[in-house]
Amino acid sequence: MAFLQRKKILIGVTGGIAAYKVASLIRLLIKQGAEVKVIMTTSALAFITPLTLSTLSKNKVLVDFFDQKSGEWTNHVELGLWADLFLIAPLSANTLSKLAQGTSDNLLVATYLSARCGVMVAPAMDLDMYKHPSVRKNLETLRLHGVTVLDAGTGELASGLHGPGRMIEPEEIREKILAFFDTKKDLVGEVFLITAGPTQEAIDPVRYISNHSSGKMGIAVAEEAARRGAKVYLVLGPSSVIVDVPAVTVIPVVSAQEMYEEAKKIHPDATCVVFSAAVADYGPAEVSAEKVKKSDEHLTLVLKKNVDIALTLGKAKNTDQIHVGFALETENEAENAGKKLRKKNFDFVVLNSLKDEGAGFKTDTNKVTYFFSDDTRLVTDLVPKKQIAVQIIDLIKKIRDKQEKE
Ligand code: PMT
């Protein structure tokens, strides 16, 4: 079956020995029915000829803004809009740095900056380059911008060294591309605002008050919504979990107040809001400018209540907006979840209990009870958080479909 029928894939090739693998990748994609166009950097020309790639892709290979022969201008904006997916493979450390910085000195990076489609990159570089903090930081920046990074594999490298840095194989890239297109896009037009992760409330420049949230639950919801076509804004407290899906715009924050400020800006445009963050309810009334010194046996910290983001935005909720809350309880769970549902104006609440092993903070799994505004409930088994995310999105979709019928 041609699973990529009518899918438009733009491939950016940068200078690296792995450029030769692009020839077989193009063949694999064409075989699946994809339409492929190729942009090369001038460095890539030293590794594989445009003639090979244009013959395989059945399209002219683009390198410069201007075609020297015809004098024609290549419109990078049009290219970026044409593609359903922009894959940059192999991605060199040099081009990676340009993408992360927004440098626009060649056709490939200009197209990246104007592309509205999902972007995937397959880095390929030598072992020590790949491990270098600057490269790690640039890859992290790309991830924060919603780019899917296809992590390099481990093996023998062109330098003779052995380790991570090899571009993943064309067959593996094809699988990632198939997975990218293989989702129902039933959330196109929806704009999601998702809060996730913990918040950190500074005591002094060294210490803070926080909680054990990893961000995994909220990130899973954000990724599922984005996969299904929604525009997603993820306001994320300090988290080391990687957001791996294109179209998720990550807004990193630290404190509850910052999370509120960012969420408040997006809220008027959001059609669905999921409050999965574990927001610190209290923070130090005053932040010491200097490190608090160890002196007396006891130290008294005066705390003040933080803004309740869900409660405040719940008051501003319009009739078309869907708000989903979480509740993390250790006692009187059902009663407290029900109270939060009404008080914070949620359409439904996802209750997770710290009493259930494998549920709540940090785990890859969760076991939840959904509380709906008509007093009905739904209890799940212990399943991966990604599966809970699918359920939450399905429930939101059901509410939306019902609203549209009414
Ligand atoms: O991040 P993980 O490690 O994957 O863990 C996931 C999780 C356990 C953090 C998540 O599933 C979860 O339960 N999040 C909400 C935890 C929580 O703060 O619950 P709460 O009962 O205190 O708050 C109720 C609701 O109000 C929540 O939707 C919360 O986001 C929101 N809230 C709370 C306080 C506050 N100041 N502002 C808020 O918006």
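We count ligands from 1, going down the list as the structure has it; atoms in each ligand are counted the same way. If you're wondering where the values come from, they're calculated on a predicted model, not measured in any experiment. Side-chain atoms are counted along with the backbone in the values below, which use heavy atoms only and exclude waters and symmetry mates.
When Gly218, Ala277, Gly237, Ser214 are checked for heavy-atom proximity to atom 29 (C) of ligand 1, Ala277 turns out nearest. Comparing heavy-atom distances from atom 31 (C) of ligand 1 across Pro198, Ala310, Ala220 singles out Ala310 as nearest. The closest non-hydrogen atom to atom 12 (C) of ligand 1, taken over Phe275, Tyr260, Tyr282, Phe326, comes from Phe326.
Between Lys397 and Asp401 there is a salt bridge, since a side-chain N of the basic residue sits under 4.0 Å from a carboxylate O of the acidic one. Salt-bridge formation is not detected for the pair Lys293/Glu290: no Lys NZ or Arg NE/NH1/NH2 atom is positioned less than 4.0 Å from an Asp or Glu carboxylate oxygen. A salt bridge is absent between Asp347 and Lys398; no separation between the charged side-chain nitrogens and carboxylate oxygens falls under 4.0 Å.
Heavy-atom proximity to Lys362, at under 4.0 Å, picks out these atoms of ligand 1: 2 (P), 3 (O). For ligand 1, the atoms sitting less than 4.0 Å from at least one non-hydrogen atom of Lys216 are 1 (O), 2 (P), 4 (O), numbered in the order shown with element in parentheses. Residue-ligand proximity, Asp308 to ligand 1, at heavy-atom distances under 4.0 Å covers atoms 32 (N), 35 (C), 36 (N), 37 (N), 38 (C), 39 (O). Residue Ser213 has at least one heavy-atom neighbour below 4.0 Å for each of these atoms of ligand 1: 1 (O), 2 (P), 3 (O), 9 (C).
The aromatic rings of Tyr112 and Phe86 lie tilted to each other, with the angle between the two planes from 30° to 60°. The aromatic rings of Phe275 and Phe346 lie tilted to each other, with the angle between the two planes from 30° to 60°.
With 3.5 Å as the limit, one finds a donor-acceptor pair spanning the side chains of Asp374 and Thr376. Between Gln391 and Tyr370, the side chains place a donor N or O and an acceptor N or O closer than 3.5 Å (distance only, hydrogens not considered). Side-chain contact, Lys231 with Thr249: a donor N or O sits under 3.5 Å from an acceptor N or O.
Geometric assessment of Lys185 against the ring of Phe180 yields a positive cation-pi assignment under the 6.0 Å and 45° thresholds. Cation-pi geometry between Arg136 and Tyr130 is met: under 6.0 angstrom from the ring centre, within 45 degrees of the axis.
Looking at Lys340 next to ligand 1, an N or O pair under 3.5 Å apart turns up. In terms of polar-atom proximity, defined here as any N/O pair under 3.5 Å, Ile309 does make such a contact with ligand 1. Between Thr195 and ligand 1, not a single N/O pair is under 3.5 Å apart. Looking at Ala280 next to ligand 1, no N or O pair under 3.5 Å apart turns up. Considering backbone and side-chain N/O of Gly325, none are found under 3.5 Å from N/O of ligand 1.
Using a 4.0 Å cutoff on heavy atoms, Ala327 counts as a contact of ligand 1. Using 4.0 Å as the threshold, Val350 has no heavy atom nearer than that to any atom of ligand 1. Residue Lys385 places a heavy atom under 4.0 Å from ligand 1. The closest approach between Gly197 and ligand 1 stays at or above 4.0 Å for every heavy atom of the residue. Residue contacts with ligand 1 include Asp281, since one or more of its heavy atoms lies under 4.0 Å from the ligand.
The closest protein non-hydrogen atom to atom 36 (N) of ligand 1 is Val307 O, 2.9 Å. Of the protein's heavy atoms, Leu328 N, 3.5 Å lies nearest to atom 19 (O) of ligand 1. Met217 CB, 3.6 Å is the protein heavy atom nearest to atom 6 (C) of ligand 1. Atom 35 (C) of ligand 1 has as its closest protein heavy atom Val279 CB, 3.5 Å. At the shortest separation from atom 14 (N) of ligand 1 among protein heavy atoms lies Ser276 O, 2.9 Å. In this structure, atom 11 (O) of ligand 1 lies nearest to the protein heavy atom Asn352 OD1, 2.6 Å. Closest to atom 5 (O) of ligand 1 among all protein heavy atoms lies Gly360 O, 3.5 Å. Distance from atom 26 (O) of ligand 1 to its nearest protein heavy atom, with residue and atom name: Lys344 NZ, 2.9 Å.
When atom types are taken as modelled, the side chain of Thr199 and the backbone of Ser255 share no donor-acceptor pair closer than 3.5 angstrom.
For the atom pair CZ of Arg207 and CG of Leu301, the computed distance is 9.5 Å after rounding to the nearest 0.5 Å.
For Glu171, the CD atom is densely surrounded, since the number of other residues' heavy atoms within 6.0 Å is greater than 12.
Between Asp364 and Lys385 there is no side-chain heavy-atom pair separated by less than 4.5 Å.
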